Amino acid sequence: MISITFPDKTVRQYEEGVTALDIAKSISEGLARNVVSAKVDGEVVDATRPINRDAELQLFTWNDNEGKSTMWHSSAHLMAEAVEALYPGAKFGIGPDIENGFYYDIDLGDKVISENDFKKIEDKMLELARQKQEFVRKEVSKEDAIKYFTEKGDEYKLELINELEDGEITFYESGNFTDLCRGPHVPNTGGIKAVKILSVAGAYWRGDENRKQLTRLYGITFPKKKELDEFLVRLEEAKKRDHRKIGKELELFTFSQRVGAGLPLWLPKGAQLRERLENFLKKVQREAGYEPVITPHIGKVELYKTSGHYDKYGEDSFRPISTPIEGEEFFLKPMNCPHHCEIYSSKPHSYRDLPIRYAEFGTVYRYEQSGELHGLTRVRGFTQDDAHIFCTPDQVKDEFKAVMAIVMKIFSALDFKDFTVQISLRDPDDTEKYIGTDENWEKAERAILEVAEETGLNTIVEYGEAAFYGPKMDFMVKDALGRKWQLGTIQVDYNLPERFELEYVGADNEKHRPVMIHRAPFGSMERFVAVLIEHTEGKFPLWLTPEQAIILPISEKYQKYAEKVLKLLNNSEIRAQIDSRSEKTGKKIRDAELKRIPYMLIVGEKEEGQGLVSVRRQGKGDIGTLSIQEFVDLINDEVEKEINK
RNA sequence: GCCAUUGUAGCUCAGGGGUAGAGUACUUCCUUGGUAAGGAAGGGGUCACGAGUUCAAUUCUCGUCAAUGGCUCCA
């Protein structure tokens, strides 16, 4: 007999060789039906694997993340089996489970799978699933494994096998499909009741763009049809928050084929929104001791040779701009730092001057690959809310802390709660590849970690992710569809001060190198606005939104009064307009709701007589009748609260 | 850049070898109304762009530009 310890610490005795599935059965038939895999002493394994010693056991069902993972991984095998049946001769790469479903990379030879083929693959999968094919695990010698896939002619699996040690190779068989796989898998395919192939894409074998591109099929499965339907509804809901869709609806920005891909055109309302964001940050920065500077959009090639950016940008970027002078070339600036370095070196500095903080909303141009462009989140021309702080090594910590305070103030004013903070440090085993002294690196890394600790933020520390020129901290958020984007960034830089030979005179009357901190709380205006749109569904905070209120006269008879109200609101710097169309109130309200205008002011006979407005809040409905001054106060209070949160 | 898909009215989309349609938006008229769509009439399209096949191309083929989902990349 062996002792099995459950998560609640109860212990039960079982025969040696018992499986997790048997154990589930001993608890209840229902549980046994739902068990997909189990964790035995910390390792997730098949529910059908015999347990031969005392162990801690946790059973997983579809409701556990591990259970979903098992189910989707098994579904990937099922999809491969279906594809193999429909496309004989297909070769298979890897097929893991992912956050929402699974994929399989397949070499179809000269065949092509397109969206029209999804249905028949789904049908085949369901047909195979209904056969309740059991997943059978087999330990295989390396020799036999190589033999099997050599006969099958699958060079991808052979490549994977060659990297494995003899004795650790396992195959899983389900129906007619045998795959190299570590497992675990569900007991059989019977639990897969609903199947959806989500998309098809090209994916380079092993992520290497010099190797063959395979066909990657994405899919997802569920134990109930209802859950699939709910998933698809959620997906549709998420698509409604897409900033590209809302940006068009609310007339914030557009693109033009003639202007070029990845070059956004900001429409009046979008420009207004962006300008308001900029002004907010400018005010915060002014208070924090930043000095605005302005630099040109181009710079001589020599500038970028000095900064070292030339090597990285030379080939794969916008071509240099030539002039009538032989050999003279300019680059569109891909970043602002070199220009700011030149501002710093325009005069000598004493340690008493530091820190110096130069801020600029600097527009930069980078030739991103055409396939990578994406709405406002990945563009070729964008504006960074850039600033460069020049300070002594001892000031790095305080400066870093002050920058973080700015980022937090912005996130708070915009109600951004869902973000992750990543601290990127040196690879401790390979300090050679970094520039700057060990002493300064240690000082800066310690400063960042301490600041993160003091601010109580949840952070992820990644070793080896630092830039070669210094450690950094990035603020990441997810968009509506769960894709991750980097917004704010704070980077310590020992490289550029070196390359530009920046100096200050210390208290010792000797020359010293300053440390440079690059920072952009928004990251870029484009990406930030995109993420803001998706987080708010276009319902921007009152202080930010282009139109705060719309006046809706009940009929044309009250147009005069509406204009009077508008004037009073404008005098109080409230952004409002009048809907003068000869439409019914219901229609005007509907249109204003869809345009996400926060306040609707209905005016008719009743209001005109007493100098009132009837107020409706977007998404909430009627909130009663107020005097104009009361409404102004309401708006001002709300704005005040939002900004000083 | 690569793989797949797509491009028809301002927007959302239908159609299809014989030069185009709906809803909505817009204009005008009727209606003058009380918290999510009142009614009628009208204007609006080089069917992304270029070439080829054809008696005839918006429709088929190829190329270009652009978009969408991924891969690679992201200083």
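Order of the sequence lines fixes the chain letters, A, B, ..., with proteins taken first and strands second; residue numbering starts at 1 for each chain. As the structure is a prediction and not an experimental result, all values here were calculated from the model.
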>> Counting neighbours of NZ on A:Lys120 that are heavy atoms of other residues, nucleotides or ligands and sit closer than 6.0 Å, is the number greater than 12?
In response: yes
> Reckon A:Arg206 touches a base, only the sugar-phosphate, or nothing at all at heavy-atom distances under 4.0 Å?
Replying inline: nothing
Tabulate protein N/O versus nucleotide N/O from nucleotides 60-64 of chain B, keeping only pairs under 3.5 Å, one per line.
none

> For B:C49, which nucleotide is its Watson-Crick or G-U wobble mate, given both distances must be under 3.5 Å?
Replying inline: B:G63
> When the P atoms of B:A41 and B:C55 are considered, how many whole Å apart are they?
Replying inline: 44 Å
> Taking atom P in both B:U19 and B:A67, what distance in whole Å separates the two?
Replying inline: 33 Å
> Roughly how many Å is it from CG in A:Asp105 to P in B:C2, rounded to a whole number?
Replying inline: 19 Å
>> Under the criterion side chain to side chain contact (heavy atoms under 4.5 Å, CB included), I'd like the reasoning laid out for A:Glu122 against A:Met125: C-alpha separation, chi angles, the key distance, then a yes or no.
In response: CA-CA 5 Å; A:Glu122 289 165 6; A:Met125 284 174 73; 5.6 Å; no
Without placing hydrogens or testing angles, list every side-chain donor-acceptor pair under 3.5 Å for residues 194-206 of chain A, not counting sequence neighbours.
| unit_1 | atom_1 | unit_2 | atom_2 | d |
| --- | --- | --- | --- | --- |
| A:Trp205 | NE1 | A:Glu159 | OE1 | 3.1 |
| A:Arg206 | NH1 | A:Glu159 | OE2 | 3.3 |
| A:Arg206 | NH1 | A:Glu163 | OE1 | 3.1 |
| A:Arg206 | NH1 | A:Glu163 | OE2 | 2.7 |
| A:Arg206 | NH2 | A:Glu163 | OE1 | 3.2 |

>> Counting only side-chain nitrogens and oxygens, does A:His374 get under 4.0 Å of the OP1 or OP2 atom of B:G69?
In response: yes
> In chain order, what residues pass the salt bridge (charged side-chain N to carboxylate O under 4.0 Å, His left out) check against A:Arg527, with sequence neighbours excluded?
Replying inline: none
> When you compare B:A22 with B:U61, how far apart are their P atoms, in angstrom units rounded to a whole number?
Replying inline: 28 Å
> Considering the options A:Lys472, A:Gln491, A:His388, A:His340, which one meets the side-chain hydrogen bond (donor to acceptor under 3.5 Å, both in side chains) requirement together with A:His518?
Replying inline: A:His388
> For A:Arg366 and B:C73, what is the distance between atoms CZ and C1' respectively, to the nearest whole Å?
Replying inline: 13 Å
> For the rings on A:Tyr365 and A:Phe382, is their centre-to-centre separation under 6.0 Å?
Replying inline: no
>> Could you work out, with side chain to side chain donor-acceptor pair (under 3.5 Å) as the rule, every residue matching A:Glu329, not counting sequence neighbours?
In response: none
> With rounding to whole Å, what would you report as the distance between B:A4 and B:G43 at their P atoms?
Replying inline: 45 Å
>> Measuring only the C1' atom in each nucleotide, how far is B:A20 from B:C74? A whole number of Å is fine.
In response: 44 Å
List, with names and distances, any nitrogen or oxygen atoms from the protein found under 3.5 Å away from nitrogen or oxygen atoms belonging to nucleotides 5-16 of chain B.
| unit_1 | atom_1 | unit_2 | atom_2 | d |
| --- | --- | --- | --- | --- |
| B:G7 | N2 | A:Gln257 | NE2 | 3.3 |

> At under 4.0 Å between heavy atoms, what does A:Tyr103 touch on the DNA or RNA strands: base, sugar-phosphate, or nothing?
Replying inline: nothing
> When rounded to the nearest Å, what value does the distance between C1' atoms of B:U24 and B:A36 take?
Replying inline: 16 Å
>> Please report the distance separating the P of B:G15 from the corresponding atom of B:U8, rounded so that it comes out in whole Å.
In response: 13 Å
> Can you give one letter per nucleotide of nucleotides 26-38 of chain B, going 5' to 3': B for a protein heavy atom under 4.0 Å from the base, S for sugar-phosphate only, - for none?
Replying inline: ----BBBBBBBBB
